[in-house]
Amino acid sequence: METKYIFVTGGVVSSLGKGIISSSLARLLLSRGYSVTIQKFDPYINIDPGTLNPYEHGECYVTDDGHEADLDLGHYERFTDIRTSRANNVTTGRIYQSVIDKERKGDYLGKTVQIIPHITDEIKRNVKLLGNTGKYDFVITEIGGTVGDIESTPFLEAVRQLKWELGKNALSVHLTYVPYLKAAKELKTKPTQHSVKQLQAIGIQPDILILRTEKEIPVSMRRKVAQFCNVAPDAVIECIDASSIYRVPMLMHEQRLDNLVIRLTDSESKGEPNHSAWNNFVHKLENAEKTVRIGLVGKYVELQDAYKSISESLVQAATYCDHRLDLVYIHSEKLTKENVEEKLAGLDGVIIAPGFGQRGIEGKFVALEWCRTHDMPTFGICLGMQCMVIEFARNVLGYSDANSTEMDPHTAHNVIDLMEEQKSVTNMGGTMRLGAYDCKLKKESVPYLAYGKEIITERHRHRFEFNNEFRERFENAGLECVGENPETGLVEVVQIPSLSWFVGTQYHPEYRSTVLNPNPLFMSFVKAAIANGDKTRKDDNL
């Protein structure tokens, strides 16, 4: 079967959910037995989102091969169990950098370098990169931004050319918004019509329209949209607000989106899809009666997309434990010794979030001291793990000035220090310890029991590390180093064995947690939180 290319564009407003639609379509095609991958083309000029503030763009997702990527790649992996890579996320910055490098080397034979054909050709080359491997039946390409954005124009021109060149092997899916005006008590299709007209003016005729809406769209209105937009009536699909993003694949299947794609691309049918595992997860998610209450302590809590992979990993783990997740966001800048009891006492477990920089870090130390002294199940991730080490050094080892050299370059007790290979690094982008690395776990430790094996592989994103000069002092005082990189001896996991569940990881386990394969360490943490909540309620009733 020839590789088919599906392009997903958006109109009217941003944040309609192109990533969820792309992921849902990939899930449906995978369930039918096709091989699928998804890629995101982002119109911003940054080389990658690695240097972007989370307030700008949400979390920075990291792939196995160490690429810092858009958060939509997290959705792709969670929905599909596909491991993405650098090839799955391309920005305008990457495209221009590649073209300029070629120009400097003389690859264009002295010709004037232009948007068309040089930039568009580079975009097309990247679009087809994964398809040319011969591994995939379908390559789904999400184009960031909305139709009409000046930044997106070269990408849309490349899509126009590819649709013309590939014929039946290319398909355009356009996602738009149908607003409901309360004053008029009416749904309005005009924004969709204008959006499609903009797309047509560029030279792209959408094959499928997906209409995001808060209210059910009558069949007559969908026919009207089809007529005005030159789209077949059965190719106008309603995407109404769902109780969970994980229900969207089922909503799309009910409207035969996967059948439509197979028919329009003349693809060989591989039979009916198998949704049993997915449906089981959604059933558990929607029917759980008990609740587990987890607090997430971080400094970006106003923008919950900053912790998207963590929150989704917790949802997945709680669901498989037959519980609903009640995730409480706690601003670390506002956490003090005076209010910590009030903020944390009613929780079943606490996550100390990753991040960078000094802001809000003292609040994390306050939270950790309270959790440690009250035996609260606690999970520190990356900077959260480093904060565990610093808090223990200050309050148990008695090093009152203990710190990371990221926060205090002159501390006498640099229990967290800059990695040796990072000391000569001056550029910020793409220069951290990034991607998947092995970790050897100490037998019978909490992480070892969770994973069920000694050697695991998880993804990293950090510059600073546990300082092994202090290792013996920590372990003698009760904080054990229970995971390390087998090649470098870099400490990856710490644990306080005397507590019920108190674990910190230098790596980011949230990046490898998916709907059908939740991360074992998140499962272990949530089970401990549930047990703690049950014990607390039992004690309260005595």
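This one's a predicted model, so the numbers in the text were calculated from it and none came from an experiment. When reading the values below, keep in mind they use all heavy atoms of this one structure, side chains included, and skip hydrogens, waters and symmetry mates.
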Would Asp64 and Arg459 count as a salt bridge (Lys or Arg N to Asp or Glu O under 4.0 Å) if you check the C-alpha gap in whole Å, the side-chain angles of each, and the deciding distance to 0.1 Å?
-> CA-CA 6 Å; Asp64 271 354; Arg459 300 179 197 174; 2.7 Å; yes
Aromatic ring pairing Tyr437/His460, orientation class (parallel under 30°, perpendicular over 60°, tilted between) =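 Tyr437 and His460: perpendicular rings.
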What orientation do Tyr300 and Tyr307 show, parallel under 30°, tilted 30 to 60°, or perpendicular over 60°?
->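 If you compare the ring of Tyr300 with that of Tyr307, the planes turn out tilted.
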Within the 3.5 Å criterion, strictly below it, is a donor on [X] or [Y] matched to an acceptor on the partner's side chain?
| X | Y | answer |
| --- | --- | --- |
| Asp101 | Ser98 | no |
| Thr92 | Glu151 | no |
| Glu406 | Gln358 | no |
| Ser309 | Glu59 | yes |

Considering residues at least two apart in sequence or located in another chain, which fulfil the salt bridge (charged side-chain N to carboxylate O under 4.0 Å, His left out) criterion with Arg94?
->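 Counting only residues at least two positions away or on another chain, Arg94 forms no salt bridge (charged side-chain N to carboxylate O under 4.0 Å, His left out).
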Decide, yes or no, whether a salt bridge links Lys40 with Glu142 under the criterion of side-chain N to carboxylate O below 4.0 Å.
->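 Looking at Lys40 and Glu142, the cut-off is met.
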Are any of the side-chain nitrogens in Lys102 or Glu122 under 4.0 Å away from the carboxylate oxygens of its partner?
->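 So Lys102 pairs with Glu122 through a salt bridge.
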What do the steps show when you test Phe466 against Phe474 for ring pair (Phe, Tyr, Trp, His ring centres under 6.0 Å), and what is the final call?
-> CA-CA 11 Å; Phe466 181 93; Phe474 275 101; 5.4 Å; yes
[atom2] on [Y] to [atom1] on [X], rounded to 0.5 Å:
| X | Y | atom1 | atom2 | value |
| --- | --- | --- | --- | --- |
| Thr373 | Leu368 | OG1 | CG | 10.5 Å |
| Gln39 | Asn126 | CD | CG | 8.0 Å |
| Leu296 | Leu314 | CG | CG | 7.5 Å |
| Glu510 | Glu312 | CD | CD | 12.0 Å |
| His462 | Leu418 | NE2 | CG | 11.0 Å |

Take Ser313 and Asn519 through the side-chain hydrogen bond (donor to acceptor under 3.5 Å, both in side chains) test and state the conclusion after the steps.
-> CA-CA 7 Å; Ser313 299; Asn519 185 276; over 6 Å; no
Can you check ring pair (Phe, Tyr, Trp, His ring centres under 6.0 Å) on Phe365 and Trp370, steps first, answer last?
-> CA-CA 9 Å; Phe365 297 146; Trp370 190 92; over 10 Å; no
Aromatic ring proximity Phe379/Phe502, centre distance under 6.0 Å =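 No: the rings miss the under 6.0 Å criterion.
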Within the side chain of Thr405, is there an N or O that forms a donor-acceptor pair under 3.5 Å with the backbone of Asp408?
->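 Looks like no, no N/O pair under 3.5 Å.
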